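Worksheet: one structure, shown below.
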Amino acid sequence: MNYYKKEIETAPRHELEALQSFRLAQKIRKVYDRVEPYRKKMDEAGVKPEDIRTIADLSKLPFTTKQDLRDNYPYGMFAVPMEEVVRIHASSGTTGKQTVVGYTKNDIELWAECGARCIVGIGGTKQDYVHVSYGYGLFTGGLGMHYGAEKLGAVTIPASAGNSLRQLEMFRDFGSSILCMTPSYAISLIELMKENGLSKDDFNLKAGLFGAEPWTDEMRGEIEKGLGLKAYDIYGLSEILGPGVSCECIFQKGMHVCEDHFIPEIVDPDTFEPLPAGTQGELVFTCITKEALPLIRYRTRDIASLDYEKCECGRTLVRMKKPQGRTDDMLIIRGVNVFPSQIEAALMSFDSGATNYMIIADRVDNKDTLEIQIEMRSDMFGDNVRDVENYRRRARELITSAIGVGVNVKLIEPKTLARSEGKAKRVIDKRKL
Ligand code: DLL
């Protein structure tokens, strides 16, 4: 069995927990001294840094949410001066504002190490050709896996997403052996292979790290068969790190969390009380090594559970189950995080009367689709039938540019959408994830 940092990945639990406790206490002291919003939160909760000595004290600490990051946009939660920040990334927010995250040199180094661990955990070595087709840019996927692959010493291919035929050409010509991309992109590449008469035998692929969105075992089967590789799940979120917070090993029975950097907890999404191992609830992370943005008890909104049993691979690092859904209304469409409020804001920006609409997410041939149905009103159009088409096109363009993912807009007859008596139901997710 190969490990990247065996002494950590297979450490006896009590040693790992001692390390976590030590790092936690140190981090809380720093955060209290350096991050005003945390000082305020802890003072309000009546917790002092000296109250946090071991991981058993974790539950005394207040939570952090995306709202905190938004309230302190862009850099207000950073724990180091900007001179020490060497990189920022960003992810979409529930309103127009993005959530900005920052990294010091050491943060980039530890991120790269987490990425390298993931690649080694699925059987990768420095002999591999790691083809990174997650998007490069503010999204953490591309650069995150890129640095991980380089850290390992593998040949890193910074393909980024898009230009799909070229991707296939590169698989073949460059000898790509490990793929990093969203599972939905993998599915669309398989379709393109079929259309172009290519088969898995044209490539030399052996494994892939697929994540950034929920995917089913059925999709795993399709990807493995279509590309001729073993498909592994990788998890992460910008606020904590990006890809590499956790990742499957070759046994594919849950994702090992890099627990020497991030302490996971599962809490009840209603009462926020910690839940015992094995119980499903909201996943919460505390960063104990990061310097620029060490979030404390960050509520991910992902529903998962934790398994502390030692894995067949020999790793003692806890495994998290594939996220089973979210506690908020965020949808992930073809790897892009989409909040219904972004769609509403785009729609209202040109038609403030368009209050009866429905967002329908579906998965057709393993590909996500998003349709916005808008009820027509008489005041929307003049006599010209072309007005209807113009309206539709405008809505589609504005929404697509607001959320960064293509949508289909359908104008429907007045009064077809069900009227609700309470909170309007605006989203139907037909995907079975
Ligand atoms: O998606 C980071 C990432 C990039 C992970 C590449 C893996 C690979 P965000 O854009 O901030 O970051 O989105 C984070 O995506 O809270 C989950 O809801 C979802 N997510 C990420 N990985 C998985 C996965 C990146 N393997 C949000 N399965 C998270 C299910 C996932 N959902």
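These numbers come from the heavy atoms of this one structure, side chains and all, not from hydrogens, waters or symmetry mates. The model shown is predicted, which means the values in this text are computed figures rather than measured ones. In each ligand, atom 1 is the first atom listed, and ligand 1 is the first ligand listed.
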Note every protein N or O atom lying under 3.5 Å from an N or O atom of ligand 1, pairing the names and giving the distance.
from: ligand 1; atom 1: 10 (O); to: Asn337; atom 2: ND2; distance (Å): 3.2
from: ligand 1; atom 1: 11 (O); to: Ser238; atom 2: N; distance (Å): 3.1
from: ligand 1; atom 1: 11 (O); to: Ser238; atom 2: OG; distance (Å): 2.5
from: ligand 1; atom 1: 13 (O); to: Asn337; atom 2: ND2; distance (Å): 3.2
from: ligand 1; atom 1: 16 (O); to: Asp302; atom 2: OD2; distance (Å): 2.6
from: ligand 1; atom 1: 16 (O); to: Arg326; atom 2: NH1; distance (Å): 3.3
from: ligand 1; atom 1: 18 (O); to: Asp302; atom 2: OD1; distance (Å): 2.6
from: ligand 1; atom 1: 18 (O); to: Asp302; atom 2: OD2; distance (Å): 3.4
from: ligand 1; atom 1: 18 (O); to: Arg326; atom 2: NH1; distance (Å): 3.1
from: ligand 1; atom 1: 22 (N); to: Ala212; atom 2: N; distance (Å): 3.1
from: ligand 1; atom 1: 26 (N); to: Asp233; atom 2: OD1; distance (Å): 2.8
from: ligand 1; atom 1: 26 (N); to: Ile234; atom 2: O; distance (Å): 2.7
from: ligand 1; atom 1: 28 (N); to: Glu213; atom 2: O; distance (Å): 3.2

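Taking the six-membered ring for Trp and thresholds of 30 and 60 degrees, Phe63 and Phe272 have ring planes inclined between 30 and 60 degrees apart.
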Audit row: Phe174, His131, ring-ring contact (aromatic ring centres under 6.0 Å, His included) steps and yes/no: CA-CA 9 Å; Phe174 297 172; His131 185 114; 7.9 Å; no

If you apply the rule side chain to side chain contact (heavy atoms under 4.5 Å, CB included), what do you find for Asp368 with Arg363, and how did you get there? CA-CA 4 Å; Asp368 294 335; Arg363 187 160 265 173; 2.7 Å; yes

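In this structure, Arg117 fails the cation-pi test against Tyr3, since its NZ or CZ atom is not both closer than 6.0 Å to the six-membered ring centre and inside 45 degrees of the ring normal.
Surrounding CG of Asp365 are at most 12 heavy atoms belonging to other residues, nucleotides or ligands under 6.0 Å away.
The pair Arg326-Asp302 meets the salt-bridge criterion, with a side-chain N (NZ, NE, NH1 or NH2) lying under 4.0 Å from an Asp/Glu carboxylate O.
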